[in-house]
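Here is how names work: the chains are called A, B, and so on, in the same order as the sequence lines, proteins then strands, and each is numbered from 1.
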Protein chains: 2
Amino acid sequence: MRTDTVYKKAFNRVASMLRDGQLTGELPSENELRRKMGVSRTTVRKVLGELVHRELIAERSGVRTTGRAVEDSDYYPDAETTSRAKHVEQQFMEWMLRGDTRPGTSINELELARQFGVATNGIREFLIRFSRFGLLEKRPNTGWLFKGFTEDFALELFEIRVMFELRSAHLFSRQPDMSPLWEKLAALKVAHTELLKQIESRFHDFSSLDNRFHRLINEASPNRFIDDFYDIISFVFHYHYQWNKHDEKQRNQAAILEHLAYIDALESRDSERLERACRAHLASARETLMRSLIVFDGMDTNA
Amino acid sequence: MRTDTVYKKAFNRVASMLRDGQLTGELPSENELRRKMGVSRTTVRKVLGELVHRELIAERSGVRTTGRAVEDSDYYPDAETTSRAKHVEQQFMEWMLRGDTRPGTSINELELARQFGVATNGIREFLIRFSRFGLLEKRPNTGWLFKGFTEDFALELFEIRVMFELRSAHLFSRQPDMSPLWEKLAALKVAHTELLKQIESRFHDFSSLDNRFHRLINEASPNRFIDDFYDIISFVFHYHYQWNKHDEKQRNQAAILEHLAYIDALESRDSERLERACRAHLASARETLMRSLIVFDGMDTNA
DNA sequence: ACCATGAACTTTATCCATAAAAAACAACTT
DNA sequence: AAGTTGTTTTTTATGGATAAAGTTCATGGT
């Protein structure tokens, strides 16, 4: 049966809004809520129905008003708010990055399905989607070959990344002066400086800043294939560093400084300087990944 | 039910081998056949069983020998030798390239499933696989957005292609002299010259030559992401030109000449000359695609 | 005429079932 | 002992069913 995670997530969001006072007195119409939450009206109605049932809101002659206070126990547990597909993704990444899965292992849909507690179909869909990341290969009628999160993988990934990033950085720097992207870049620069000041407590926030920065650079000259490739990078980094937090603060601090140099180089419109800053940053990102790969390989995974 | 296309295709192949005299007298063992055909022994046995049943081979005390002559009617029809997944691919490509499907159309799994006569599962798997080509986008819980085989698509595709090809070509030309790839290149050069001589009758054969050539260039410095991207290009060209044969002979003739210049440039190891030849070829390939896109857009599709 | 709610209908996400194909095991032969 | 064939078990490819979510149609109020 299809999960009702969309409903539960929406319910939790409305509950939070009620609790935070973002919704007070008379509630907005179903359509307005629908837009706000990004779900269908059907789902909104289901949420409202449950809220009435639990007396979190009251309904009198077609008018809905807030009801009793929201309690912690009103929320659905987080695990129930993500779809099966997302669960599969998470479990697979954990299996891949944490387990002692060696390159060359063959992957068995049925076995993973049993292990993850889902139907084989879901596994297969995930593997198909995931195969564009270059870590898997399908052998028809037979199964999947896991190629491993290896040094080669990282090197090949970064070779492309450098090509794309240099191209995008140069195009960015050649934008007209009145392009709105320059302002966005300036704003990002400020955000970097802020973060650097508070690095002790906020170093976790770097990851999203990093993402915004690299995506901004691509905005000047969109290319869907480059965007797609950046999705791969984000994905890889997201999961990889989620399980490998070694030295995180230091790493991020260094990266911020590199970004700042890179931003200055962009603003200078000096092509050679830009190339140097860009390469320097990517080389260091690559080193970091490679080093952590080695740590990772040797890590005791049965902890 | 799963199709038995693997069996039928294997059966047809063995039948052809019997007819062509590649198999005469005493037949090889099941294991040997298995290796030759690239299927499991289970399938080989099923084929052999049917061959015996039809008296195309005879089996006496464990020894199999050839039987009566193979007739045209012994073969399974071609349509029955390709899997559902492949059929879906073909039908979808036809729907996309031939139909009047406009960019921005939304795609409905259920409708396609009905139209193609398969279960929704197969459609979904295909769409997931296909989405890496940048022509589709999934909107969760809602459906798929068809972005169209547009001019933008072609331009973005070629931008990447140029980057990758220049990179690979330069690396190829810098290989050591004793690399075996130089010989392969020389062989390809001969094949090009041959084809050029017989262009009147054999111009269809260019496509596979083109493929071999560009893949060879990537071989000198493998990168899985570049290989994957080249899969996209092959796929797009395969289907696109399958339905758009306008001017094929002339196009291919011109391309052969460009390839020859390109090959000479590789052999010269002259970096600037190489860059010129490579760019010239890709620019002309792009022009061809773009021109055919326009023809295509204006074509009456209800013929 | 527009916007709200209610109800019916359509499509997606997900599980389950099963024939075909592959893989593993067993018994035999030279 | 290595290679054959026969048999059983496992896995993949494909169809089908259904609750949840999305979309469209209908009705009623301003």
For the pair made of [atom1] in [X] and [atom2] in [N], what is the distance, rounded to whole Å?
X	N	atom1	atom2	result
A:Glu111	D:dT11	CD	C1'	11 Å
B:Ile123	D:dA13	CD1	P	17 Å
B:Arg41	D:dG3	CZ	P	14 Å
A:Ile107	D:dT12	CD1	P	11 Å
B:Met1	D:dG15	CE	P	10 Å
A:Lys8	D:dA20	NZ	P	10 Å

- [ ] Please give the angle, rounded to 10 degrees, between the axes at the start and the end of the helix from C:dA1-D:dT30 to C:dT30-D:dA1, where five pairs define each axis.
- [x] 20°
Students often get this wrong, so: under 4.0 angstrom with heavy atoms, is [X] touching a base, only sugar-phosphate, or nothing?
X	answer
A:Thr120	nothing
A:Lys138	sugar-phosphate
A:Asn121	base
B:Arg139	nothing
A:Thr42	base
A:Arg34	nothing
A:Arg64	sugar-phosphate
B:Thr43	sugar-phosphate

Open item on the list: Assuming nearest nucleotide by heavy-atom distance, tell me which of B:Tyr7 and A:Ser29 is located more 5' along DNA chain C.
Closed with: A:Ser29
Task: Residue whose nearest DNA chain C nucleotide is more 5′ - B:Thr142 or B:Thr3 - done: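 Taking each residue's closest nucleotide, the earlier one in sequence belongs to B:Thr142.
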- [ ] Could you pull out the closest heavy-atom pair between A:Thr5 and A:Glu80, with the gap in Å?
- [x] CG2-O, 3.1 Å
Task: Axial cation check for A:Tyr76 ring with A:Arg54, 6.0 Å and 45° limits - done: yes
Task: Short side-chain N/O contact to D:dG3 OP1/OP2 from B:Asn31, under 4.0 Å - done: no
Open item on the list: Please determine whether a side-chain nitrogen or oxygen atom of A:Asn108 lies at a distance below 4.0 Å from atom OP1 or OP2 of D:dT12.
Closed with: yes
Task: Under-3.5 Å donor-acceptor pair between B:Arg84 side chain and D:dT14 base - done: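 Side chain to base: no pair below 3.5 Å.
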- [ ] Using the heavy-atom set of chain B and a strict 4.0 Å cut-off, write down the first and last nucleotide of DNA chain C that makes it in, 5' to 3'.
- [x] C:dT11 to C:dA24
TODO: Could you walk me through whether B:His87 and B:Phe116 pass the ring pair (Phe, Tyr, Trp, His ring centres under 6.0 Å) test, one step at a time?
DONE: CA-CA 9 Å; B:His87 277 294; B:Phe116 297 174; over 10 Å; no
